[in-house]
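Heads up: the structure comes next, in structure tokens.
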Amino acid sequence: MSMLLEIKGLTRRFGGVTAVKDFDLAVAEGELVSLIGPNGAGKTTSFNLISGLDRPDAGTIVFGGQSIGGMAPEAIAALGLARTFQHGRVFGNLSVEDNVLVGAHTRLSAVRPRWPVIGPLGELALALLRPRAVKQEEQALRAETRDILALFGDRLIPRLDHPAYSLSYANRRRVEIARALALKPRILLLDEPTAGMNPTETGEMQALIAALKSSGLTILLIEHKLDMVMALSDRVCVLDNGAKIAEGAPQDVRRDPAVIEAYLGHSGIGQARPQPEPVA
Amino acid sequence: MSSFIDYTVNGLVIGNIYALLAVGLALIFGVSNLINFAHGSVYTIGAYIGWAAITFLHTPLPVTMAIVFVACALVGMAIERIGLRPLQGSARIAPLLATIGISFVLDQVVQLVFSASPRALPNDLPDWRIDIGGGSIGALDLLIAGVGVGAAALLFVFLRFTKLGFAVRATAQDREAALQMGVNVNAVNSTVFAIASALGGISGLLVGMYYNHIDPAMSFQATLKGIVAQVIGGVGNVPGAIVGSLLLGLIESYGIALLGTTYRNLFAFVLLILFLIWMPNGLFGGRSAPQSEPLTGAFIAPSKPLRLPRWALWAMTGAAFALPLVFGAPYLLQTLTNAWLAAMLALSLTLMAGTAGQISFGHAGLLAIGAYASALLTVDLNAPTWLTIPAAGLITSALGTLLIFPAFRLRGHTIAIATLAIGEVVSLVILNWESLTRGAMGVTGIPPLSIFGHEIYAPREVYWLCLAIVVALALVQTRLLTSHFGRTLRAIRDDDVAARSYGIRLDRYKALAFAFGGFGAGVSGAITAHLYSYINHQTFDSQVSLLALTMVILGGMGNVVGAILGAIVLAGLPELFRLTAEYRILIYGIVLLLLIRFRPQGLMGTL
Amino acid sequence: MPANSNRRLTNWLNRLAIVIALGSGGAAAAFAQAAGEPVTIGVSGPLTGQNAQYGAQWKKGFDLALDEVNVKGVQGRPLQYVFEDSQADPRQSVAIAQKFVSDPKIVVEVGDFSSTASMAASSIYQRGGLVQFGFTNSHPNFTKGGDYMWSNSVSQADEQPRLAKYAADLGFKHVAVLYLNTDWGRSSQTIFTESAKSLGVDVVASEGYQPDEKDFRSTLVRVRDAKPDAIILISYYADGALITRQTRSVGLTQPIVASGSVYSPKFIELAGEAGNGVFTESNFFPNDTRPEVQSFVTKFKARYNEEPDDFNAVAYDAIILLAAVIDKYGVDRTAIRDGLAQIKDVPSVIYGKASFDTQTRRVAGARAVYLVVKNGQFVLWDGKKPNAS
């Protein structure tokens, strides 16, 4: 089976602390892999390294056959990698619809001509003049945006033109996921999608992720709610202190003594509220 | 060779003076993450309090210093308590602008109380000097160095070894965490402002004595040099501020040695820009960790923009066009023409600062480029104005974007400083490039506007022309904002990390915003040049940049209608406030402060 | 109808402005003696901002002149002025220009302070046919703006050759020039250098500095390395004092010869001890025995209880001169322009007797005295040459 994402020997140090240490991971097309581990285990740092927001000190990251380690995040996004953020990073003053449309940025083609040198100026001119192709593209994306938002039932559709800052915490997480889906990703990186959600909302989110998975989307998930992880994952990878301590099928990992030790050794795994995970 | 020693000594002497200022700025930045533009005003106040003590009470130096120290500490605490504390939790830009407003108010109060003319500030130190190289240094040089280094050392001890100092450091590192751990953050901020301002006041006193000269206008230059010095040393780093100051002094001194006196500030600001680009954390800043927390909406006040119905906007536009037919007083039309010219600038700035989130303090530089481009094309090449004005727009667009491009990687406050420096550099290049720009003499005999042989100088014709350009620019800008381009820029503004993660190339879109905005600003500058028929490097000074920024904030960041409204109000205010001539700037500063406090999203709201 | 409401607004604005002028002590004395509708001069100048002190100095000169003029008035009517604050900012001076031009009450305009602000407004005054009397605008191109631009400011073409002559008279052969890098300083420097050359004085170094500069040590090292036998300052009093104080700290002992613009009691105050021995010349010197100077100084001291300086004197002169023109040729705007060309020998503090050159629209032949600072006082130069090193 060909691997969509292949990480080898990934390492990132901050000062004296090694946040991620010699981390290997492979995700196959269509697979859902969960990253779990106590706070500060290096999960979010790994996401930052994969999505290009941070540069690895060592190791390789290959996505769809292309080495992306150290590439700029915008270039990685253009290859079809979308992510959400641990604490939610919606565009506060943009409407829900615009937030999702930004997600489709890499897919704009009519309005972003690949002309050499004057391409950017062409883009400006096309944005201003809006020939038919541009209008159609925008309309198609707007229609698609509604389809994506419809995945969340009545949560977001009535708030289409509300600014994101006015949304509830849970709704912001939903907007983030909708924005990620608008990129039509080949792989989706979800960082704690249910943080701050009540059980009903968590259930809805779980169903949505399951649906995305069954539609064939490859997903890398960071999640603290273990029931959900167990239910959704094809494989689970456990990080502790920046290193991988276990990997395998959910039920195997659950019984792994090293994992139990890691979780018991730390006080709690942060169910209640999202603690800011220190970078270092 | 002996002169080399002299230049070095001289560099250290002036660096010494910058250090006094930079230390206070660094302390405040370190804790409050704020560039305190009011620091120079406290410095001025310190000098004047010292003057009053010496003149009326005949205090000896140590007593004078004690009085200044206590008085300025109180001023600092008042600034923090009244001006800044109420702004906690508002947009990050708010406290920065508040310090600008505070500095307007304080400088103006000093001027009203003591008058604008410079005063002598004598000192009673012994008049002995030590010869070094070909020159000498005196007792005040040593005292200033002593106070600078001593203050830094005391601060070090205070921060390291006292409980309050520990709280200050904790707050500097993570305000939220400190708050949760029971640190009284307000008390910490108050202490920091007291210490920094006391130091600022002492600097003003000593520097005033050093030059035997104090005047109310000394504040802006002082703030500027202090900021440059601390960026070089590492923003918020106290020892770095001292080293940065000495380095700045040395570079200026060697610059003078190499090219002459008029190049001094050019060296200073180019050095600043180089540091911002290659070493944005300064000499002592170390490597920065990635942003750990989202900045969502943090820079711009979230708000519900006020949307006027389209018919109302068209009705107002129609009324504006019809106005000269009904009400043709040239003075009114000229004032409104000034408003339209300011509106072109504000539209440009609201796109860059409001929509794209790239706060610019050097926008007047774009006006200057446009003005000189059109003036020189008409005067030197006899090109017709209907051609040179759009050409000036394009030149400004290209040159402005090129100049700012290296600064695109900077964020938040740093880009504000970089643009301030770029604005100064533009003005200094104009001053020094005599063969092209005629230097200090300025360009005279710039022909009036004309279209196909018809000269436009009647107030109402100029009014209509400028209004038409504003309306055209506003329409184009509004249309761009409703396209994917506007959406993309606003996404960059709200959260550039998330924007990049969704494939947005920041450089490309920031450059496009500057290119489009540069055009409008260039056209505004060009028309101004033809209206005035005379321009020089001071026609578009840093005051204009600050005014433009205030217009944009007043109107609501990114808001097209708001920018125009802001321009009308602020171009009109000085005319209205003529009634209270001497209090104008004071009133203006207070209006700015009230606005930031009670309506940070501006009149029309952030878009 | 529109024209009517226009006029009403203008009138209203005028009344306000006059109220302000009165409130600030402007023309309060005007109504006491002469009767009838007052004749109004529009003043555009800085009352706030960086140059506010100059506006304040103007006012003192203006008010003193008005006291004198309004004993008889002009054409039997009181003379008054309306002072509009421009902050010496071109954006505001052009608006003020439109206001004055369209206000039929204003018969002549005075100001603005800086060339930047004045010349930006010139085309409006020229087209509007209102004389712009830029009495501090020494920019060589100011009066070239049109036949409504007049100035009795001492022209640099007048002053700088005299400064060069003074340097030559003092026996200097190699001088270093420090000049304020503004239009005024730059044009002065050019003229000075030419005149010096023709007098056999070598300019060995020339350094321009920015108006907000305070530290001159390194500049002075450059000057020292050029080995001049004297230092020429083309400065205002504040920066001139700063430079003078700092010469000693870099080991310069050469004498300083400064342009007349440093002449102010403030120069002595700011330069302190270091000011002693500085040579300068001045168009205005309170101890000058000329009667017009003595009468001005006495009256000034009586009214303000302080020594007048150059800016007070030129402001005073400007009003006296315009009053003479209006009195003789009438209150019509064009008549005033024509009158300026014809009037002869108006008593003047600066010129003794002022008459315009109709080609340049400037006054030539400013009086000047050679001065030197001794014991913290400006005194007339006794003709002794310093020991040139």
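Order of the sequence lines sets the chain letters (A, B, ...), proteins ahead of strands, with each chain counted from 1.
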Note, [X] side chain near [Y] side chain (heavy atom, < 4.5 Å):
{"X": "Thr488(B)", "Y": "Val102(A)", "value": "no"}
{"X": "Asn93(A)", "Y": "Met557(B)", "value": "no"}
{"X": "Glu74(A)", "Y": "Ile504(B)", "value": "no"}
{"X": "Ser501(B)", "Y": "Phe85(A)", "value": "yes"}

Is it the side chain or the backbone of [X] that comes within 4.5 Å of chain B heavy atoms, both, or neither?
{"X": "Ala180(A)", "result": "both"}
{"X": "Leu189(A)", "result": "neither"}
{"X": "Ser51(A)", "result": "neither"}
{"X": "Leu108(A)", "result": "side chain"}
{"X": "Leu183(A)", "result": "side chain"}

Would you say the side-chain atoms of Tyr502(B) pair up with the backbone N or O of Arg83(A), donor to acceptor, closer than 3.5 Å?
yes

Please give me the minimum heavy-atom distance between Arg89(A) and Ala498(B), naming the atom from each residue.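 Nearest pair, atom of Arg89(A) first, then Ala498(B): O-CB, 3.7 Å.
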
- Query: Closest approach of Arg500(B) and Pro73(A), non-hydrogen atoms and distance?
  - Reply: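 Minimum heavy-atom contact is NH2-CD, 3.4 Å.
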
> Is it the backbone or the side chain of Ala511(B) that comes under 4.5 Å from a heavy atom of chain A, or both, or neither?
Replying inline: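 Contact with chain A is absent: no heavy atom of Ala511(B) under 4.5 Å.
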
Spacing of [X] atom [atom1] and [Y] atom [atom2] [to the nearest 0.5 Å]:
{"X": "Leu128(A)", "Y": "Leu480(B)", "atom1": "CG", "atom2": "CG", "value": "5.0 Å"}
{"X": "Phe91(A)", "Y": "Arg487(B)", "atom1": "CZ", "atom2": "CZ", "value": "11.0 Å"}
{"X": "Asp494(B)", "Y": "Tyr165(A)", "atom1": "CG", "atom2": "OH", "value": "10.5 Å"}

Max heavy-atom pairs within cutoff under 4.5 Å with chain B, candidates Ala78(A), Pro120(A), Ala82(A), goes to Pro120(A)

So does Phe166(B) have more than 12 non-hydrogen atoms from other groups sitting under 6.0 Å from CZ?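 For Phe166(B), atom CZ is not crowded (no more than 12 foreign heavy atoms under 6.0 Å).
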
Counting only heavy atoms not in Arg479(B), do more than 12 sit closer than 6.0 Å to its CZ atom?
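Above 12, so yes.
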
message: Counting heavy-atom pairs closer than 4.5 Å to chain A, which one of Gly486(B), Gly558(B), Ala499(B) comes out on top?
response: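 If we count pairs closer than 4.5 Å to chain A, Ala499(B) comes out on top.
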
Exercise for review: With His484(B) as reference, evaluate Glu137(A), Glu123(A), Glu138(A) under the side chain to side chain donor-acceptor pair (under 3.5 Å) test and give the passing residue.
Suggested key: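 It is Glu123(A); the other options fail the test.
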
